[in-house]
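All remarks here apply to the structure that follows.
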There are 2 protein chains.
Amino acid sequence: MKIATFNVNSLRKRLPIVLDWLAQQKPDVLCLQETKVQDSEFPLLALAPSGYHITFRGMKSYNGVAILSRKPPEAVFHGFDDGGESEDARLLRVVIDGIPIVNTYVPQGFEIDSPKYQYKLGWYERLRQYFEKHLSPTKPAIWCGDMNIAPRPMDVHSPEKHLKHVCYHEDARKVYERTLAWGFQDVFVKLYPDRRQYTFWDYRAPSSLEANKGWRIDHILATAPLAEQCTRVDVDVEPRRAKDPSDHTFIWAEFSV
Amino acid sequence: MKIATFNVNSLRKRLPIVLDWLAQQKPDVLCLQETKVQDSEFPLLALAPSGYHITFRGMKSYNGVAILSRKPPEAVFHGFDDGGESEDARLLRVVIDGIPIVNTYVPQGFEIDSPKYQYKLGWYERLRQYFEKHLSPTKPAIWCGDMNIAPRPMDVHSPEKHLKHVCYHEDARKVYERTLAWGFQDVFVKLYPDRRQYTFWDYRAPSSLEANKGWRIDHILATAPLAEQCTRVDVDVEPRRAKDPSDHTFIWAEFSV
DNA sequence: GCTTATGGTG
DNA sequence: CACCATAAGC
């Protein structure tokens, strides 16, 4: 099974890139974040030629997640079910071939001193409880998406400059780590612990891509039984260099199941 | 000498269309209106490959005129010099090969009952005085641009419906006619008095182009000695059918000088 | 920088 | 319908 994740930063603007990538890479599952389209305007027709089944939940302007899969999902779940904000434009879970796949667009958090950052930290806490409720660390499961966390110093350019950045701050990395500790392994780190490879380069620094000033904040994780079967992981940088790119690019993993 | 005029409706948005047209038609002079770009942001670099000399004056958001010429102008004059509003983002005059060329983007006038319409009528009056001051009807001179006037019934679809339209109202046509009477001849009318050919089709009516519901409001005029040497005039409709078009298209004239 | 939304212009 | 400006989010 080949699974990929991509923060599209507007699905409508990125349709050519998504369609090209599906045709070339033929993943079994592609998780998308920041579709930025409400369900009534979701571009189903434009994606139909791909032949993928599509599960999605969005809203106006912001957020929005979708899962494209070669097989139809056996089950679909939107958002949290803990009584808080449902966040179904940020959290989508499907079951495919009996394997639960969780797609998240985790809140970015704005600034360390802001309520939004506290909300982000709480979001990871809720997610860990969600895993406890719905998944088992001893059974196959996949979690992927834009986590808005660079877990290690080598996952961000100039880490010392970003100690107070909401995607690298100690508290954020700790809560992320604790969420993983429930039972998820980062398959990129597992296979290539020394590889420095980013998945996001800010639009704002024009030279960010050329100078490779990026962040690894898009991740694919698997529970132990599945992580052991991960045969390959790779980041495809080419779509970031394409015309009218997202500020993120694709990361994909292959599992021998 | 081949001279053309085109209301670009944002030069930045229309760069591909302008560059293509220059490369294909190779006019000696191209007058542009509604560049909608202030001078500090004028896309000189993007136009440089054309090899044309560029004279321009613009402002934020609205108006803006430019003249592209194969030869450098021998003189350049911006706006009125009568002590009123200078209007240099609407009026540009250059001298090329000894021939004065006046490029105007005449105010549209909003509605008949509005002060803007009175301003438009006054603008034509000022322009006539400008011609008296700076030009001679017995010497070669060219005036072109977006005049926001359909001079004859056949220059607008359903003229009877537009009697109170600021681009067809009796008063506007009269003041335009009086400005011409100073000494300018419409070379399109001179050469092809019976030809019905529009230069503008509103974006708002989606079928305006297909149904040919347009206006002839972009004009090329010449003083008598030059008008007599006009060998050809044509409207090129193709750019209006191109991808991301302006709502106007090019009109050009050839003079045997 | 690039996306979104809104409100104003012709 | 397609521009413009502004403001928000990342």
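Letters A, B, ... mirror the listed sequences (proteins, then strands); counts begin at 1.
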Which residue, B/Tyr62 or A/Asn9, contacts DNA chain C at a nucleotide closer to its 5' end, judged by nearest heavy atom?
-> A/Asn9
How many Å lie between CG on A/Asp244 and P on C/dT3, as a whole number?
-> 7 Å
Does a side-chain N or O from A/Ser10 land closer than 4.0 Å to OP1 or OP2 of C/dT4, or not?
-> yes
Could you tell me which residues satisfy ring-ring contact (aromatic ring centres under 6.0 Å, His included) with B/His78, sequence neighbours excluded, listed by chain and number?
-> none
More than 12 foreign heavy atoms under 6.0 Å from CD of B/Glu170: is that the case here?
-> no
Tell me what B/Phe110 touches on the nucleic acid: a base, only sugar-phosphate, or nothing, going by heavy atoms under 4.0 Å.
-> sugar-phosphate
Value in whole Å for how far the C1' atom of C/dG10 lies from NZ of B/Lys120 | 12 Å
Provide, to the nearest angstrom, the distance between the NE2 atom belonging to A/His248 and the C1' atom belonging to C/dG1.
-> 13 Å
The answer to which of A/Ala205 and B/Asn148 contacts DNA chain C further toward the 5' end, by nearest nucleotide, is A/Ala205
When the distance from NZ of A/Lys36 to P of C/dA5 is rounded to whole Å, what number comes out?
-> 9 Å
Between atom CD in A/Glu34 and atom P in C/dA5, what is the gap in whole Å?
-> 13 Å
Passing option when B/Arg216 is tested against B/Ile149, B/Val156, B/Val189, B/Val235 for side chain to side chain contact (heavy atoms under 4.5 Å, CB included) | B/Val189
Per A/Tyr203 side chain, nearest of listed nucleotides C/dT3, C/dC2, C/dA5 | C/dC2
A/Gln33 atom CD is separated from C/dT3 atom P, nearest whole Å, by 18 Å
Compare all side-chain heavy atoms of B/Leu91 with those of B/Val65 and state whether any distance is below 4.5 angstrom.
-> no
Those residues that, when tested against B/Ser50, pass side chain to side chain contact (heavy atoms under 4.5 Å, CB included) (two or more places apart) | B/Leu19, B/Leu22, B/Tyr52
Side chain to side chain, B/Tyr119 and B/Pro107, heavy atoms closer than 4.5 Å = yes
Opening and closing nucleotides of DNA chain D in contact with chain B, under 4.0 Å to non-hydrogen atoms | D/dC1 to D/dT6
Under the criterion side chain to side chain donor-acceptor pair (under 3.5 Å), which of B/His219, B/His248, B/Gln33 is the partner of B/Thr5?
-> B/Gln33
Taking CG from B/Asp146 and P from C/dG10, how many angstroms apart are they, rounded to a whole number?
-> 13 Å
What's the CD-C1' distance between A/Gln108 and C/dC2, to the nearest Å?
-> 15 Å
How is A/Arg14 classified with respect to the nucleic acid when contacts are heavy atoms under 4.0 Å: base, sugar-phosphate, or nothing?
-> sugar-phosphate
Is the phosphate of C/dG1, meaning OP1 or OP2, less than 4.0 Å from a side-chain N or O of A/Lys13?
-> no
